[in-house]
Amino acid sequence: MSETKRLDRFLTECFEISRSVSGKVIRAGQVSVNGKIIRDASFKTEIGDEVEYAGQRVEVYDKLYYMLNKPDGCVCANDDSHNPVVFVHMRDVPGINSCHCVGRLDLDTTGLLLVTNDGQWSHRISSPKKHLGKTYRVMLADPVTEELTDMLRKGILLAGEKKPTSPAEVEIRNDHEIDLVIYEGKYHQVKRMIQAGGNQVVALHRIAVGPLALDPALEEGQYRRLRRDEIELF
Ligand code: URA
């Protein structure tokens, strides 16, 4: 799982400087590894090495795995010209620039978002072939009907799609709230399914991805590292 990383690349990821600036500051003797100045940009760092630059010391990390309780109003992207990105809530994570979101939630969807720099792990979670259930708590504009729950459970042919959605699991929590488990990740899928069933989503919150549930201790905008046993669920 572990890999060594060139010093210039590590600096670029951690300190938000370009590769050419990182090469320059290394050659200028402004960077030390474990207390020793290193002037070679291709120097291979090891996991656990301490890299110091511009008064900041950062430990060389391996793969990173986090869960974020995504708040409303931020986008699942590394850059966006209109809205803040989810990573603004994780600015103090060393190496966050090397990370991406595992799948996407809409701007106004809240809840469990996985963030990693391990492409193979995120592929195992997102791949449609894995049929991993994603559980959403759905607040509805109108009271839930049997017609809607039957449609969700059978599968719905959404506008512009060739095949109906695969059967979803539905648990009714109260008149206006259901927990819905879906096994695909089509664009705005939950909102489109609910709309096709004659209702509207007023709030959408993801509570689990496969067997991994959102930590109830996390407030919106808070994150934590995943434990080894949680990483190994996928
Ligand atoms: N379905 C939606 O409609 N939106 C999301 O953010 C996730 C699933």
Side-chain angles (χ1 to χ4, degrees), residues 66-80 82-90 99-116 122-142 144-145 147-173 176-216 218-223 234:
Y66 285 88
M67 67 163 76
L68 168 72
N69 185 353
K70 178 193 173 297
D72 183 1
C74 55
V75 285
C76 294
N78 288 74
D79 279 309
D80 191 87
H82 300 294
N83 294 290
V85 297
V86 288
F87 298 105
V88 300
H89 298 283
M90 303 180 73
C99 290
H100 59 271
C101 302
V102 180
R104 276 165 175 256
L105 293 174
D106 294 340
L107 181 72
D108 56 356
T109 301
T110 58
L112 178 59
L113 181 71
L114 299 173
V115 167
T116 186
S122 81
H123 180 71
R124 285 201 291 281
I125 296 171
S126 309
S127 167
K129 286 185 197 144
K130 300 284 178 190
H131 299 290
L132 205 64
K134 281 131 198 147
T135 310
Y136 294 88
R137 185 147 295 168
V138 191
M139 285 277 296
L140 301 165
D142 298 314
V144 60
T145 59
E147 192 192 349
L148 173 66
T149 55
D150 280 353
M151 282 177 80
L152 296 169
R153 288 186 179 121
K154 280 192 192 125
I156 301 174
L157 185 62
L158 299 172
E161 303 287 343
K162 292 202 176 79
K163 283 200 292 184
T165 55
S166 55
E169 286 149 38
V170 187
E171 192 192 311
I172 300 174
R173 287 175 55 81
H176 282 81
E177 195 173 82
I178 58 171
D179 280 353
L180 179 69
V181 187
I182 58 168
Y183 292 87
E184 307 126 307
K186 296 184 203 301
Y187 183 65
H188 295 330
Q189 182 163 341
V190 174
K191 291 172 186 161
R192 289 161 71 205
M193 287 169 83
I194 300 293
Q195 201 166 21
N199 208 323
Q200 293 286 338
V201 171
V202 290
L204 190 57
H205 180 73
R206 187 157 69 183
I207 53 179
V209 171
L212 180 58
L214 177 64
D215 186 334
L218 294 178
E219 304 279 344
E220 281 186 19
Q222 290 185 328
Y223 64 86
F234 305 104

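Numbering of ligands and ligand atoms starts at 1, following listing order.
Listed by number with element, the atoms of ligand 1 under 4.0 angstrom from any heavy atom of Leu204 are 1 (N), 2 (C), 3 (O), 4 (N), 5 (C). Contact atoms of ligand 1 toward Thr109: 4 (N), 5 (C), 6 (O) (distance under 4.0 Å to a heavy atom of the residue). Counting atoms of ligand 1 from 1 in the listed order, those under 4.0 Å from a heavy atom of Tyr136 are 7 (C), 8 (C).
Judged purely by distance below 3.5 Å, without hydrogens or angles, the side chains of Glu169 and Tyr183 pair a donor atom with an acceptor atom. Side-chain polar atoms of Ser166 and Glu184 form a donor-acceptor pair below 3.5 angstrom.
Counting only distance, with no hydrogens or angles, the side chain of Arg206 and the backbone of Lys134 share no donor-acceptor pair below 3.5 Å.
Backbone and side-chain nitrogen or oxygen atoms of Arg104 are examined, and none is located within less than 3.5 angstrom of a nitrogen or oxygen of ligand 1.
In this structure, the side chains of Asn69 and Gln222 stay at 4.5 Å or more apart for every pair of heavy atoms.
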Below 3.5 Å, can you tabulate the donor-acceptor pairs from side chains in residues 104-113 to any protein atom, sequence neighbours excluded?
{"unit_1": "Asp106", "atom_1": "OD1", "unit_2": "His188", "atom_2": "ND1", "d": "3.0"}
{"unit_1": "Asp106", "atom_1": "OD2", "unit_2": "His188", "atom_2": "ND1", "d": "2.9"}
{"unit_1": "Asp106", "atom_1": "OD2", "unit_2": "Lys191", "atom_2": "NZ", "d": "2.7"}
{"unit_1": "Asp108", "atom_1": "OD1", "unit_2": "Lys191", "atom_2": "NZ", "d": "2.8"}
{"unit_1": "Thr110", "atom_1": "OG1", "unit_2": "Leu204", "atom_2": "O", "d": "3.4"}
{"unit_1": "Thr110", "atom_1": "OG1", "unit_2": "His205", "atom_2": "ND1", "d": "2.7"}

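Taking atom 4 (N) of ligand 1 as the reference point, the nearest protein heavy-atom neighbour is Asp106 OD2, 2.7 Å. Shortest contact from atom 1 (N) of ligand 1 to any protein heavy atom: Val190 N, 3.1 Å.
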